[in-house]
Number of protein chains: 4
Amino acid sequence: MNGFERRKERKKMNILDAALELFSTDGVQKVSIQEIASKAQVSQVTIYNYFGGKDELVFESIKKFTEDKISQFQAVLDDNEKSFKDKLRDLLRDKNENILLLNSDFLRTIMSDRPEIQEFIKNFSEQTSIPLFMELVKQGRNEGVIHKDLSFKAVLFYLNMYSQAMQSRPELFQYSEEADYRFIEELTQLFFYGLMGNSEGPTETI
Amino acid sequence: MNGFERRKERKKMNILDAALELFSTDGVQKVSIQEIASKAQVSQVTIYNYFGGKDELVFESIKKFTEDKISQFQAVLDDNEKSFKDKLRDLLRDKNENILLLNSDFLRTIMSDRPEIQEFIKNFSEQTSIPLFMELVKQGRNEGVIHKDLSFKAVLFYLNMYSQAMQSRPELFQYSEEADYRFIEELTQLFFYGLMGNSEGPTETI
Amino acid sequence: MNGFERRKERKKMNILDAALELFSTDGVQKVSIQEIASKAQVSQVTIYNYFGGKDELVFESIKKFTEDKISQFQAVLDDNEKSFKDKLRDLLRDKNENILLLNSDFLRTIMSDRPEIQEFIKNFSEQTSIPLFMELVKQGRNEGVIHKDLSFKAVLFYLNMYSQAMQSRPELFQYSEEADYRFIEELTQLFFYGLMGNSEGPTETI
Amino acid sequence: MNGFERRKERKKMNILDAALELFSTDGVQKVSIQEIASKAQVSQVTIYNYFGGKDELVFESIKKFTEDKISQFQAVLDDNEKSFKDKLRDLLRDKNENILLLNSDFLRTIMSDRPEIQEFIKNFSEQTSIPLFMELVKQGRNEGVIHKDLSFKAVLFYLNMYSQAMQSRPELFQYSEEADYRFIEELTQLFFYGLMGNSEGPTETI
DNA sequence: AATGAATGAGGGTTCATTCAT
DNA sequence: GATGAATGAACCCTCATTCAT
């Protein structure tokens, strides 16, 4: 890749990063191309030259978003030293955003009236995201922390639910000064033992 | 209230209903005053006369939304015949929309850049929604289906999480022809006994 | 029609007049809505409110144009006192614009890529313009100035050709100070006797 | 001219050909530099390097257009074997585009607001086009098919009028399967004998 | 009181043109 | 010398909002 292409690629990334951030924060509809251009420090027209229009830009943003997420995911899974619980903790807590089934707020809003994007997400889930995730669940079963009678589908839904909940209230899970350690412990309890709890002693924190 | 005022009040309600439905479906940004006026069969200007502007209309819509929801909630709670589990089922499954902590997609998007609305939601939660909810949790504890060591805050978060997850995938929980009963049972298991499960037999479906 | 409607109607006419004039002069493509709005002394948006968009405005302009022309045409034809030659002179010379088959430059340019407009023109020609014109040709035949063996179609084409040519060079036909009377006489000769001419004496001027 | 210059010249021609074709078809305003560049398979900037800007490109296109036409014209006139009628037929019918007075639609639209182009056309007409044309008229007079009393100016106008009419409705004059031979004959009649016709028998078709 | 009419501001997009390699 | 990249200006259009009846 020569100098031209490298600079072009970098600019495209700038634009996509700017777009992604603004879209996530304010919603696709509300963000103007002008805003994105300003944030990425390019002219509006450059965005049109690269992406063709707002619709396509949104699409590309989503592609980048999912690819970024999945590679983070992959990185965690690939660490053969870690236990299921460790990996889970990394996935759920440390990453500030996470997509297992790729149905974060951001995506859901967009998908509503964009069939091509729906299609893309569906394919991506089935072909890339879910297979990866199955590996993780297998490990959890082998290590005895996922009940063997639970179907994969149910576990997927459950983990995804937790993942989303944590994303939507990240402040509750970060070990900040104000963090409420007891609260986190309780959620761990709930995660592993449910609402009725178990009679045994305390568990580690996820 | 005389005839004039009653007609005025009815028109206001028409407008709010129309607005709420459109806002929920398409997002606040995307819905134009013209659309709302058409749906409510009034002139655009009438909306301005009644509400002052789009911002105020959004605010009033949210107020109505929360009040509607809370009265549904109240209705369920007030039925002294029902057990905790029954009430929970009604709240989680039967209502197609539910707000415990009032942080549905719809609201979260709007709140982002509207401090007055954030304030309103916060106050409403603290003063109206959460107290109601505490009643429910108490009943659950008394009936032994909520572990007594779990803090109210944790239970609140947990239930809210389930509620949201069910809303985001309503198709998984409706008893339609294609419903996967085993899946629903499993989620019930997860709800009460967590990921590790319990050694006992099956539980009822929530 | 009340005051509201009358004012609205007048504004619509202002806009159509402005549009028509600019379109004729500079071409549809080149004229911006803003220009039309300025000339008609309304806001751009008013144009959108009335006509919906540029395409529709163009269409309405054409409709008005054809209707105006046809009523001028009708007025000439309706005068039962006039001979064929007199009417022809009025049609060809006095009116600065004339449409027999409605294929003036203006229209031809627009029609090229607008099937609905083509359709409209075709229908208008067949149902309104041509029938009127046939009346005129009949009179010409009866008065012996149109050779009886000439088909209607050929005469139509011929007159239309003259009409267009005169429109495209109006300065040659106006009785201005610089007018070249001999030239006009010659064209009359050509009109009635063709390139080879006849052996008889001079004819009147059309 | 060396290899470099020859290649450059060829590129210029490609560009002019592409421009001319697009301008004629879609109008100057509607055609973008990008379109021309694509059709001519060069970069946009090359067009700027060669021609300086769209205005100049339009001008050069017109020059090429007129030169092409006049050399076609010249070719027909130079054939000393052909009679006036034969030449006329070639000019009017066989060539799909023809400019005698150079006032085709294409040119007229452009000229409207471009004084330099108006000037060029005027000069070209007076110095090149019209003198050539006078040759033709002389031949017609000598062969007795143009009445000797008709001024050159009138004949010019007349032929030009026919030429344009034929261009604007080429389908009526092509000897296609659906051609209406009687119609063409009638127009020939009109051409030579005018609206009143002559008493003699039929004439050949032009 | 209620509404049809009117508009300023802003959004997405295209284009002729210049810059920089 | 030729080109991919970049842009200011302008266009069509929509929307929240105000005016005038």
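The sequence lines fix the lettering, A, B, ..., with proteins before strands; numbering per chain opens at 1.
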Requested in this report: Starting at atom CD1 of Ile15(D), determine the distance to atom C1' of dA2(F), rounded to an integer number of angstrom.
Outcome: 11 Å

With a cut-off of 3.5 Å and sequence neighbours excluded, list every side-chain donor-acceptor pair involving residues 36-45 of chain D.
residue: Ser38(D); atom: OG; partner: Gln34(D); partner atom: O; Å: 3.2
residue: Ser38(D); atom: OG; partner: Gln34(D); partner atom: NE2; Å: 2.8
residue: Ser43(D); atom: OG; partner: Val45(D); partner atom: N; Å: 3.0
residue: Gln44(D); atom: NE2; partner: Gln34(D); partner atom: OE1; Å: 3.0

Requested in this report: Give a yes or no on this: more than 12 heavy atoms of other residues, nucleotides or ligands lie within 6.0 Å of atom CD of Gln29(B).
Outcome: yes

Query raised in the report: How would DNA chain E look in dot-bracket form, 5' to 3', counting Watson-Crick and G-U wobble pairs with both distances under 3.5 Å and writing | for bases paired to another strand?
Result: .||||||||||||||||||||

Query raised in the report: Please give, in whole Å, the distance from dG11(E) C1' to Leu22(A) CG?
Result: 15 Å

Query raised in the report: What is the distance, rounded to the nearest whole Å, between atom CZ of Arg10(D) and atom P of dA2(F)?
Result: 12 Å

Query raised in the report: Tell me: NZ of Lys30(A) to C1' of dC15(F), nearest whole Å?
Result: 15 Å

**Report entry** CD1 on Ile15(B) to CZ on Arg10(B), rounded to 0.5 Å
**Finding:** 12.0 Å

Report summary line: Rounded to the nearest 0.5 Å, the CD1 atom of Ile121(D) sits from the OG atom of Ser125(D) at a distance of 6.5 Å

Query raised in the report: Which residue lies toward the 5' end of DNA chain F, Gln29(B) or Gln34(C), if each is placed at its nearest nucleotide?
Result: Gln34(C)

Query raised in the report: In residues 49-57 of chain A, what residues come within less than 4.0 Å of DNA chain F, judged by heavy atoms?
Result: Asn49(A), Tyr50(A)

Report summary line: Between the CD atom in Glu67(C) and the NZ atom in Lys69(C), the distance rounded to the nearest 0.5 Å is 12.5 Å

Sequence neighbours left out, cut at 3.5 Å: what donor-acceptor pairs do the side chains of residues 48-56 of chain A make with other protein atoms?
residue: Lys54(A); atom: NZ; partner: Val28(A); partner atom: O; Å: 3.1
residue: Lys54(A); atom: NZ; partner: Val31(A); partner atom: O; Å: 2.7

Query - Neighbour count >12 (heavy atoms, 6.0 Å) for atom CD, Glu21(D) - result: no

Query raised in the report: Would you say Glu35(C)'s side chain and Ser32(C)'s backbone share a donor-acceptor pair under 3.5 angstrom?
Result: yes

Query raised in the report: How close or far is atom C1' of dG11(E) from atom CD1 of Ile33(C), stated in whole angstroms?
Result: 17 Å

Requested in this report: For Lys63(B), check salt bridge (Lys or Arg N to Asp or Glu O under 4.0 Å) against everything at least two apart and list the hits.
Outcome: Glu60(B)

Requested in this report: Using side-chain contact (heavy atoms from CB on, under 4.5 Å) as the criterion, point out the one residue from Leu20(A), Leu16(A), Ile70(A) that pairs with Phe65(A).
Outcome: Leu20(A)

Report task. Give me the residues of residues 35-48 of chain D where at least one heavy atom lies under 4.0 Å from an atom of DNA chain E, by number, or none. Result -> Gln44(D), Val45(D), Tyr48(D)

Query raised in the report: Taking only side-chain nitrogens and oxygens of Lys11(A), does any of them come within less than 4.0 Å of OP1 or OP2 of dA6(F)?
Result: yes

**Report entry** Lys8(A) NZ to dA6(F) C1', straight-line distance once rounded to whole Å
**Finding:** 12 Å

Query - Contacts of Lys64(D) that satisfy salt bridge (Lys or Arg N to Asp or Glu O under 4.0 Å) - sequence neighbours left out - result: Asp17(D), Asp68(D)

